[in-house]
Number of protein chains: 2
Amino acid sequence: MAVTIQDVARAAGVSASTVSRALSSPEMVRPETRMRVRAVAESLGYRPNPAARGLITGRTTNLGVIVPDLTNPFFPSMLRGLQARAREAGHAVFLADCEEDGAAEAALVHAMAKQVDGVILCSSRMTPAMLEKVLGLVPMVFLNRVVPGHPSVIMDGAGGMRQTIDHLAALGHRHIAYLNGPRDSWSNRERAKGLRRAERHRIKVSRFGPFAPRFESGLQAADLVLASGATAVIAYNDVMALGVLARLAERGVPVPGRISVAGFDNITFAAMATPALTTVDLGGERAGRAAVDTLLAVLADRDADAPRQVLDSALIVRASTGPAPDAGPDRPNPGGTQGEA
Amino acid sequence: MAVTIQDVARAAGVSASTVSRALSSPEMVRPETRMRVRAVAESLGYRPNPAARGLITGRTTNLGVIVPDLTNPFFPSMLRGLQARAREAGHAVFLADCEEDGAAEAALVHAMAKQVDGVILCSSRMTPAMLEKVLGLVPMVFLNRVVPGHPSVIMDGAGGMRQTIDHLAALGHRHIAYLNGPRDSWSNRERAKGLRRAERHRIKVSRFGPFAPRFESGLQAADLVLASGATAVIAYNDVMALGVLARLAERGVPVPGRISVAGFDNITFAAMATPALTTVDLGGERAGRAAVDTLLAVLADRDADAPRQVLDSALIVRASTGPAPDAGPDRPNPGGTQGEA
DNA sequence: AGCGACTTTGCAAACCTTTTCAACGACTAT
DNA sequence: ATAGTCGTTGAAAAGGTTTGCAAAGTCGCT
């Protein structure tokens, strides 16, 4: 049915080895023969069978990717960068969605192991014990999680948080709220670490949660934040922040007049909300590309020690954050903030 | 390095064939032997090499999926259903994003052909000429596009449009606008077909576009629609509709007081907008699952004739659509609409 | 006891490719 | 002229699995 290397060999009057060489090691075959073979291969529509090739070379030119939840809009942007870079490098991408389940994730690694040259684990949900069992199976790089001794590319959530706090401090806020994400989320811990920056500005921080990173959590949290007296709220991610925004709009609370709102991830809809949402862009596409590059580097030199790459994040200031309500529009040095602007 | 069937055979004191059978055709081997072999395989952590297996069986248990744009939030939901069903059926999923480019899509089909048992083409961007060249390569099913003689599952955009128009008619609207999607999009043509329903209600329809299906197009279109005097606007998709909503909010136009807005796709953020967006749910997850089922059916019986499955769509009425402004809140039989409610 | 049928197992071929090795001819350098 | 080198090619092995076929063993029946 499908055309094999033998068919090409017969049609070109050479051996299979010559066909193989004409296509993958062109310098090893006489130009004249090479041309003829290539022409025949082309005309027959021959494509090497990757499975057979992989069997002998031990390489598949496939990359595996596992994400925890495709419907979280943060991942598609990451995937896009990842996918594009992989294609540039001549690799196809195997994608699986583990649906936030670490055990499923481990099973997927097993399933993929033999069909890919390496796998990229995005925000892996595996416990250390689960990790232990799959670590040797196939080269892996971790995206958005550090696993000692293994290559990772991480996005600087803590740094993003610090930028956000500096931004709010400059706007005169003295009391802010943070809405925690899921309890055992690595990214949430990272982001929360950045909260320490508030001390430097003598800003009071009220923490709420943990919350599931969903729109509804934002609705719920908005009322809590309002009652707390904070004049700004930073949500674990944009989806929650949008929930906060929606609830505040419903209650007629002016944003950023009475309260400023910020999120994380810079998802597409952050820019589309009214008011447009101030958010931290963690550089998802860039991270996706970096993960592929890292994996390729590991593949090329397995003995190199595990690189850990940290990507800068950037605060995207939009309309949802503004001066603190008690800080008058242009009053210099309000309260005790030492004019950190 | 990796443990092969030979290793298991040696350790269990049987031949490789017996190991193979113990694992995949259990009834062919004596229970006692079967147990022992399975125990050994388990303890050694043996996993059959899918490439080697595929080479001989001709089946890979992989499915390929090509989508035009991962960052369009409609696709992830489809993918999710697809992915889940594929996993239930024991198939892994190869994903590729062709970035709205038909030629790239064709290349991806080629690249995937030998590594998958079949491929699902979501909203294929290939021209008929491109299609021609790849049709025989591998079993395919089309999602959201009909290709004569090939299996497809399609979502009923025209039906969704009819429901939307009936809905608006019932609310007393006499003049509506439609914002076209991309010029040669099959889905746009389908949706536009449903516009004929307006004749039955004696509703005037103004068409705008074609537009790229983006938020910015909605911003642009909103002003055009307002100037046209229409009291309701249906956008090609939710992303555009959200753009319309944003622009109208910016101009202080009450929605749905002055104008009603509706979209297509029921993306997550449609429900999160203010006002929440009325939209047509085309059943993406369901469609993803159906596509897998169809593909599996084709694979099981290649001679069966190409099924074409049409999925019902459902109008999700939310706050962005309301009574026409000139139709008073409860006035019966306004104008000449024959009271179609 | 002998025969046939069935069960259980192993051998070897097959899948398609890459790669090692050897062969062959031509050419160069001694 | 001869040995060595180089360039070009083919034969064959290898990679890990499944499967058709045959062999061996078991059982029941006549």
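So that the names make sense, note that chain A is the first sequence line, chain B the second, and so on, each numbered from 1.
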**Student:** Less than 4.0 angstrom between a side-chain N/O of S20(A) and OP1 or OP2 of dT18(C), yes or no?
**Tutor:**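 For dT18(C), OP1 or OP2 has a side-chain N or O of S20(A) closer than 4.0 Å.
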**Student:** Specify the closest pair of heavy atoms between A22(B) and R34(B), including all atoms of both residues, with the distance to one decimal.
**Tutor:** O-CG, 4.0 Å
**Student:** So, OP1 or OP2 of dT9(D): does either fall under 4.0 Å of a side-chain N or O from T33(A)?
**Tutor:**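 Affirmative; the distance criterion is met.
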**Student:** dT7(C) P sits how many Å from R34(B) CZ, rounded?
**Tutor:** 14 Å
**Student:** Is it true that E285(B) and R80(B) make a salt bridge, defined as a side-chain N closer than 4.0 Å to a carboxylate O?
**Tutor:** no
**Student:** Starting from P on dT17(D), measure out to CD on Q115(A) and report it in whole angstrom.
**Tutor:** 13 Å
**Student:** Over all strands shown, is T4(A) touching base, sugar-phosphate only, or nothing at heavy-atom distances under 4.0 angstrom?
**Tutor:**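 Sugar-phosphate, backbone atoms only, no base.
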**Student:** Between R30(B) and dT7(C), is there a side-chain N or O to OP1/OP2 distance below 4.0 Å?
**Tutor:**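 The answer is no; no side-chain N or O of R30(B) sits under 4.0 Å from OP1 or OP2.
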**Student:** May I have the distance from I56(A) (atom CD1) to dA13(D) (atom P), rounded to whole angstrom?
**Tutor:** 13 Å
**Student:** Would you please confirm or rule out a distance under 4.0 Å between OP1 or OP2 of dG10(D) and any side-chain N or O of T18(A)?
**Tutor:**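 So the side-chain polar atoms of T18(A) do come within 4.0 Å of the phosphate oxygens OP1 or OP2 of dG10(D), strictly under.
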**Student:** Identify the two heavy atoms, one from L311(B) and one from A287(B), that lie closest to each other, and give their separation to 0.1 Å.
**Tutor:** CD2-CA, 3.3 Å
**Student:** Using the C1' atoms of five pairs at each end, what's the angle between the two axes of the helix from dA1(C)-dT30(D) to dT30(C)-dA1(D), to 10 degrees?
**Tutor:**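 One end's axis against the other's: 60°.
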**Student:** Within the 4.0 Å heavy-atom criterion, would you say R47(A) contacts the bases, only the backbone, or no part of the nucleic acid?
**Tutor:**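 Since only primed, P, OP1 and OP2 atoms lie under 4.0 Å of R47(A), the category is sugar-phosphate.
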**Student:** Any N or O donor-acceptor pair linking the side chain of S17(B) to the base of dC11(C) at under 3.5 Å?
**Tutor:**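 Such a pair is found, so the answer is yes.
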**Student:** Using a 4.5 Å cut-off on heavy atoms from C-beta on, say whether the side chain of M112(A) contacts that of I66(A).
**Tutor:** yes
**Student:** Between T57(B) and V14(A), just flag the one whose closest nucleotide in DNA chain D comes earlier from the 5' side.
**Tutor:**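 Final value for this comparison: V14(A).
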**Student:** Do L121(B) and R145(B) have side chains that approach each other closer than 4.5 Å (heavy atoms only, starting at C-beta)?
**Tutor:** no
**Student:** Closest nucleotide of DNA chain C for S15(B) versus for V19(A): which of these residues is on the 5' side?
**Tutor:** S15(B)
**Student:** Using a cut-off of less than 4.0 Å, is there contact between a side-chain N or O of R53(B) and OP1 or OP2 of dG16(D)?
**Tutor:** no
**Student:** With hydrogens left out and only the distance checked, is there a donor-acceptor pair under 3.5 Å joining R21(B)'s side chain and the base of dG10(C)?
**Tutor:**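 For R21(B), whose side chain was compared with the base of dG10(C), there is a donor-acceptor pair (under 3.5 Å).
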**Student:** For L23(A) and dT19(C), what is the distance between atoms CG and C1' respectively, to the nearest whole Å?
**Tutor:**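 Atom-to-atom, L23(A) to dT19(C), this comes out as 15 Å.
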**Student:** dA11(D) P sits how many Å from R10(A) CZ, rounded?
**Tutor:**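 Rounded to the whole Å, the gap is 13 Å.
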**Student:** Quiz question: by atom type and distance under 3.5 Å, do the side chains of S20(A) and S17(A) form a donor-acceptor pair?
**Tutor:** no
**Student:** Rounded to the nearest angstrom, tell me the gap between atom CD in E27(B) and atom P in dC6(C).
**Tutor:** 16 Å
**Student:** What heavy-atom pair brings V109(A) and L137(A) nearest, and what distance separates the two atoms?
**Tutor:**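 Smallest interatomic distance, heavy atoms only, reads CG1-CD2, 4.4 Å.
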**Student:** So which one's nearest nucleotide on DNA chain C is more toward 5', A52(B) or P31(B)?
**Tutor:** P31(B)
**Student:** What is the distance, to the nearest angstrom, from the CG atom on L55(A) to the P atom on dA13(D)?
**Tutor:**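 Value for this atom pair: 17 Å.
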**Student:** Quick check: closest heavy atoms across D7(A) and T4(A), and the distance to 0.1 Å?
**Tutor:** OD2-N, 2.9 Å
**Student:** What's the CG-P distance between N49(B) and dC16(C), to the nearest Å?
**Tutor:**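 Rounding to the nearest Å, CG of N49(B) and P of dC16(C) are 16 Å apart.
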